[in-house]
Novice: 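Okay, handing you the structure first.
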Amino acid sequence: MAGQSIYDLTVKDAKGNDVSLSSYKGKVLLIVNVASECVFTGPNYTELNQLYAKYKDQGLEILAFPCNQFGGQEPGSNEHILEVACTRFKAEFPIFGKIDVNGENTSPVYKILKAGNWTMFEDNIQWNFGKFLVDRNGKVYDRYYPSTSPLSIEHDIKKLLGIK
């Protein structure tokens with residue numbers, strides 16, 4: 001993974017289609033591991049939707065990666081995940097196929113994201129709704145705990161988007 005950029009990767013969306021992450025070059029990315037049945041689900045989807053609606057036209061993309069590694073809180077199929085995210089929570093940002101964010105089957109996306117110097121986080125993702133903010137050049141700008149409200153990082157998003 002050393003020297004590899006997030007833009008070098010191709011991932012599967014929730015419908016099974018290949019998506020080259022190079023299509024997001026030049027965008028500010030908020031990458032989140034999501035789950036449908038977590039106590040954080042409702043508040044996070046609500047606030048992620050607010051951020052996306054407010055900043056998508058200025059260059060923000062939110063990339064949601066479902067993961068079932070924390071308390072079995074994303075047990076459904078990709079179709080079920082899409083139903084929950086898009087119908088129940090009205091998500092309009094991209095939802096990708098279910099992945100692992102920790103362990104031997106860690107997605108390459110998360111290998112790159114976790115490669116930074118995250119001493120207070122250690123190497124692993126702690127729970128659902130861990131967040132990574134990536135700048136327009138594909139460099140990880142910051143990492144946020146699962147309990148961090150998406151709206152509380154709006155100032156960092158605005159900074160990377162060049163909004164005063």
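In this text the structure is predicted, and so the values were computed from the model without any measurement.
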Novice: Just by modelled atom types, is the Gly103 backbone N or O under 3.5 Å from a matching donor or acceptor in the Thr106 side chain?
Specialist: yes

Novice: Show, in sequence, the C-alpha distance, side-chain angles and deciding distance for Ile99 and Val11, and conclude whether the side chain to side chain contact (heavy atoms under 4.5 Å, CB included) test is met.
Specialist: CA-CA 10 Å; Ile99 61 164; Val11 296; over 6 Å; no

Novice: Would you give the length of the straight line joining atom NZ of Lys98 to atom OG of Ser36, rounded to the nearest 0.5 angstrom?
Specialist: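 Separation between the atoms: 8.5 Å.
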
Novice: Drop me the distance from Leu21's CG to Ile112's CD1, to the nearest 0.5 angstrom.
Specialist: 8.5 Å

Novice: Could you tell me the separation between the OG atom of Ser22 and the CD1 atom of Ile6, rounded to the nearest 0.5 Å?
Specialist: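 Spacing of OG (Ser22) from CD1 (Ile6) equals 11.5 Å.
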
Novice: So Tyr24 and Pro94, do their side chains get closer than 4.5 Å, heavy atoms only?
Specialist: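 The answer is yes; the side chains approach within 4.5 Å.
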
Novice: First locate atom CD of Gln126, then atom CG of Asn33, and finally report the distance between them rounded to the nearest 0.5 Å.
Specialist: 9.5 Å

Novice: Between Ile62 and Leu48, which heavy-atom pair has the shortest distance, and what is it?
Specialist: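 Looking at all heavy atoms of both residues, the shortest contact is CD1-O, 3.3 Å.
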
Novice: Are side-chain heavy atoms of Lys114 and Asn102 found at a separation under 4.5 Å?
Specialist: yes

Novice: Does the pair Val134 and Leu113 meet the rule for a side chain to side chain contact (heavy atoms under 4.5 Å, CB included), with working shown?
Specialist: CA-CA 9 Å; Val134 178; Leu113 293 173; 4.0 Å; yes

Novice: Checking Asn44 against Lys131 for the side chain to side chain donor-acceptor pair (under 3.5 Å) test, could you report, in this order, the C-alpha distance in whole Å, the side-chain angles of both residues, the deciding distance, and whether it holds?
Specialist: CA-CA 11 Å; Asn44 269 271; Lys131 300 158 193 74; 3.2 Å; yes

Novice: Measure from the side-chain N and O atoms of Asp142 to the backbone N and O of Leu133, and report whether any donor-acceptor pair falls under 3.5 Å.
Specialist: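 Not confirmed, Asp142 side chain does not pair with Leu133 backbone.
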
Novice: Just jot down the salt bridge (charged side-chain N to carboxylate O under 4.0 Å, His left out) partners of Glu92, sequence neighbours excluded, or say none.
Specialist: Lys56

Novice: Considering only heavy atoms from C-beta outward, does the side chain of Thr46 approach that of Lys90 to under 4.5 Å?
Specialist: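 No, side chains not in contact.
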
Novice: Would you check if the side chain of Asn137 reaches a backbone N or O of Lys139 as a donor-acceptor pair within less than 3.5 Å?
Specialist: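 Between the backbone of Lys139 and the side chain of Asn137 there is no qualifying donor-acceptor contact (under 3.5 Å).
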
Novice: Are Phe70 and Cys38 close enough that some pair of their side-chain heavy atoms sits under 4.5 Å apart?
Specialist: no

Novice: Do you know the tightest heavy-atom contact between Pro66 and Gly97?
Specialist: CD-O, 3.9 Å

Novice: So do Tyr45 and Val34 actually touch side chain to side chain, heavy atoms under 4.5 Å?
Specialist: yes

Novice: Determine yes or no for a side-chain-to-main-chain donor-acceptor pair under 3.5 angstrom, with Lys158 supplying the side chain and Tyr55 the backbone.
Specialist: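 It does not hold such a pair.
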
Novice: Measuring from Tyr141:OH to Ile157:CD1, what's the distance to the nearest 0.5 Å?
Specialist: 11.0 Å

Novice: Do Asn49 and Phe93 have side chains that approach each other closer than 4.5 Å (heavy atoms only, starting at C-beta)?
Specialist: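 Touching, per the 4.5 Å side-chain cut-off.
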
Novice: Run Trp127 and Val39 through side chain to side chain contact (heavy atoms under 4.5 Å, CB included) and show every step you take.
Specialist: CA-CA 11 Å; Trp127 198 254; Val39 69; 5.7 Å; no

Novice: Testing the basics here: between Asp100 and Cys67, what is the closest heavy-atom pair and its distance to 0.1 Å?
Specialist: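 Heavy atoms only, the tightest pair is CA-SG, 4.4 Å.
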
Novice: If you look at every heavy atom in Glu74 and Ile81, which pair is closest and at what distance?
Specialist: OE1-CG1, 3.3 Å

Novice: CG of Leu160 to CD of Gln58: how many Å apart, nearest 0.5 Å?
Specialist: 13.5 Å

Novice: Side chains of Val109 and Phe65: closer than 4.5 Å at any heavy-atom pair?
Specialist: yes

Novice: Any idea which heavy atoms bring Ala35 and Thr41 closest together, and the distance?
Specialist: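 Answer, listing the atom of Ala35 first, then Thr41: O-OG1, 2.6 Å.
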
Novice: Any heavy-atom pair between the side chains of Asp156 and Tyr144 that's under 4.5 Å?
Specialist: yes

Novice: Indicate the atoms forming the closest heavy-atom contact of Tyr7 with Gly26, along with that distance.
Specialist: OH-N, 3.7 Å

Novice: Just do the side chain to side chain contact (heavy atoms under 4.5 Å, CB included) check on Lys12 and Asn17 with the steps written out, would you?
Specialist: CA-CA 5 Å; Lys12 296 278 188 195; Asn17 301 310; over 6 Å; no

